[in-house]
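Below: one structure, written as structure tokens.
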Amino acid sequence: MTNRRMVNRWKSSVQNNYGTPSIALIKGKGLVVTDADGKQYLDFLGGIATNILGHAHPALIKAVTKQVSTLSHVSNFYVHPQAVELAEKLAAMTSDKSAKVFFCQSGAEANEAALKLSRRTGKVRIVAAQGAFHGRTMGALSMTGQPAKREPFLPLIKGVKHVPFGDIEAMRKAITKKTAMVILEPIMGEAGVIVPPADYLREVRALCDAKGALLVIDAVQTGMGRTGDWFGYEYSGITPDVITLAKGLGGGLPLGAMIALGKAADLFQPGDHGSTFGGNPVTTAAGLAAIKFMESQKILKKVEKQGVYLMQELAVIPGVAEVRGAGLLLGIELGTLKAADIAKALQNEGVLVNAANPTTIRIAPALIVTDAQLKKFVAIFRKVITDAK
Ligand SMILES: *Cc1c(COP(=O)(O)O)cnc(C)c1O
């Protein structure tokens with residue numbers, strides 16, 4: 001097996017919606033992955049903020065192996081303990097006693113569920129942010145604020161208004177009594193790790209309260225400890241009506257969730273929504289194992305500290321214009337250097353990242369990353385930037 005052979009087979013058997021990758025990954029342990037040519041990489045993308053415990057983590061192997069050999073799937077006609085335990089855990093993490101969870105597989109589905117939930121308010125209008133990413137299914141795409149992804153698929157659902165992210169005056173004009181929901185990422189991930197002004201979420205919360213609109217926090221990328229807290233919005237002090245999760249939630253297995261708080265928790269009625277695999281015993285067992293491991297190791301505190309370290313170290317590298325984000329979700333703004341070229345050069349040097357936009361490198365390593373691995377990343381990044389200038 002070689003990268004070239006695997007990529008060629010991929011090209012003739014898999015649709016071309018992603019563009020063609022250059023390497024095939026065949027195994028991983030912790031933050032180190034190996035490609036089909038035998039080359040090793042330090043994985044600083046983590047399956048795009050997904051493999052929070054890295055690759056082949058013992059806690060995950062144990063939980064998944066045990067569950068798949070006990071009870072692997074039951075349908076939603078029956079209760080099973082793993083979904084109940086994870087739902088209780090997630091609800092407790094919101095600090096809202098009435099919070100209730102709907103399980104699905106992905107971020108797009110979690111946001112679709114939020115959209116359908118908001119229709120149960122009797123209103124249909126939605127406000128979202130320009131540049132935001134909420135997924136690729138037709139409802140989620142309707143809320144996604146990136147024209148290039150939307151335009152080939154028009155018409156999308158009606159009544160969605162996109163406003164500049166972080167601009168509270170634009171939001172004030174957009175929200176009316178007819179607004180069913182406002183959806184925002186606490187930090188826009190796909191757009192290039194864009195952080196809003198410190199009081200933005202709090203002010204949007206107040207506008208939603210004044211007009212009776214639901215505030216949906218899309219924590220698909222920022223959630224599960226990535227920013228140093230569980231859902232990425234906690235720094236703002238707000239309580240959202242809905243939180244959507246996926247990516248890190250299953251510790252690398254496909255698991256998503258839409259958590260509704262307060263009155264929103266009871267908007268769905270029997271028959272309103274569903275998913276065959278949603279809250280499957282194996283994926284929820286994985287999610288529980290990931291959360292328990294992170295709690296036992298106090299990972300959130302570590303992530304917060306490591307984020308501060310990385311920001312300080314990266315910001316002073318000549319050629320780096322700015323470092324944005326929180327915890328282990330960082331956007332490294334390059335100014336004049338092309339992010340795609342730097343990502344390629346890093347891959348050659350044995351580090352995986354991605355170019356979130358033409359001038360921004362995004363890093364989202366597993367939350368178990370060690371200080372030594374951060375140091376190694378900074379050294380290689382400095383070398384690559386210096387060589388490129
Ligand atoms: C990745 C992402 C999604 C979509 O998740 P999928 O699992 O790919 O459907 C939605 N919202 C945000 C903020 C994301 O980062």
Side-chain angles (χ1 to χ4, degrees), residues 15 17-19 45-52 102-118 126-146 148-150 153 156 160 162 165-166 181-196 201 215-227 229-233 240 242-259 275 277-280 283 286-287 324-331 353-357 360 362-365 367:
Q15 295 186 19
N17 54 310
Y18 295 111
L45 189 55
I48 313 184
T50 294
N51 307 321
I52 50 177
F102 166 80
F103 286 116
C104 52
Q105 284 66 234
S106 67
E109 285 171 288
N111 289 327
E112 289 286 341
L115 193 164
K116 281 183 71 177
L117 188 85
S118 80
I126 294 173
V127 182
Q130 291 170 9
F133 185 74
H134 299 300
R136 307 278 200 152
T137 55
M138 294 301 266
L141 187 60
S142 302
M143 302 190 287
T144 288
Q146 301 185 14
K149 294 187 172 71
R150 298 163 54 84
F153 303 101
L156 294 166
V160 184
H162 289 95
F165 186 60
M181 67 180 262
V182 174
I183 184 165
L184 290 172
E185 297 166 75
I187 294 173
M188 290 207 296
E190 296 303 300
V193 193
I194 312 293
V195 182
L201 290 182
L215 176 55
V216 179
I217 292 293
D218 178 346
V220 169
Q221 187 157 157
T222 51
M224 302 323 293
R226 172 104 350 238
T227 62
D229 54 35
W230 283 117
F231 303 124
Y233 68 79
V242 175
I243 303 162
T244 57
L245 297 171
K247 293 206 164 87
L249 180 60
L253 267 70
L255 179 62
M258 185 272 284
I259 313 174
S275 164
F277 283 118
N280 166 286
T283 54
R324 299 182 296 263
L328 292 175
L329 178 64
L330 297 181
V353 299
N354 93 317
N357 70 32
T360 308
R362 168 177 46 189
I363 61 170
L367 306 184

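Note that ligands are numbered from 1 as they come in the structure, with each ligand's atoms numbered from 1 the same way. Sequence positions, counted from 1, serve as the residue numbers for this chain. We use all heavy atoms of the structure for the numbers below, so side chains are in, but hydrogens, waters and symmetry mates are not.
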(Q) Could you tell me, atom by atom, which parts of ligand 1 come under 4.0 Å of a heavy atom of N111? (A) 10 (C), 11 (N)
Q) Is it true that a side-chain atom of R226 and a backbone atom of F231 form a donor plus acceptor pair closer than 3.5 Å? A) no
Q.
Would A108 count as being in polar contact with ligand 1, using the rule that some N or O on each side must be under 3.5 angstrom apart?
A. yes
Q: Answer with side chain, backbone, both or neither: which part of H134 has a heavy atom less than 4.0 angstrom from an atom of ligand 1?
A: backbone
Q: State whether the shortest distance between N or O atoms of D218 and N or O atoms of ligand 1 falls below 3.5 angstrom.
A: yes
Q: Please say whether Q221 places an N or O atom under 3.5 Å from an N or O atom belonging to ligand 1.
A: yes
Q.
Give the atom numbers and elements of ligand 1 that come within less than 4.0 Å of a heavy atom of E185.
A. 13 (C)
**Q.** Nearest neighbour in protein (non-hydrogen) for atom 12 (C) of ligand 1
**A.** F133 O, 3.3 Å
Q. Looking only at protein heavy atoms, which one is nearest to atom 1 (C) of ligand 1, and how far off is it?
A. K247 NZ, 1.5 Å
**Q.** Any N/O pair G107/ligand 1 closer than 3.5 Å
**A.** yes
(Q) If I compare all heavy atoms of C104 with all of A257, which pair ends up nearest, and what's the gap? (A) SG-N, 3.9 Å
Q: Report yes if the side chains of P196 and F165 come closer than 4.5 Å at any heavy-atom pair, otherwise no.
A: yes
Q. Could an N or O of ligand 1 be found under 3.5 Å from any N or O of V220, whether backbone or side chain?
A. no
Q. So, does E190 use its side chain to make a donor-acceptor pair with the main chain of A356 at under 3.5 Å?
A. no
Q: Check for a donor-acceptor pair, side chain of E185 on one end and backbone N or O of G189 on the other, with a separation under 3.5 Å.
A: yes
Q) L245 pairs by side-chain contact (heavy atoms from CB on, under 4.5 Å) with which of M258, Q221, M224? A) M224
(Q) Could you check whether any side-chain N or O of R362 sits under 3.5 Å from a backbone N or O of L329, counting only pairs where one atom can act as donor and the other as acceptor? (A) no
Q | Backbone N/O of H134 and side chain of D218: donor-acceptor pair under 3.5 Å | A | no
Q) For ligand 1, which atoms, with element, lie under 4.0 Å from some heavy atom of S106? A) 7 (O), 9 (O)
Q. Does the protein place any heavy atom closer than 4.0 Å to atom 8 (O) of ligand 1?
A. no
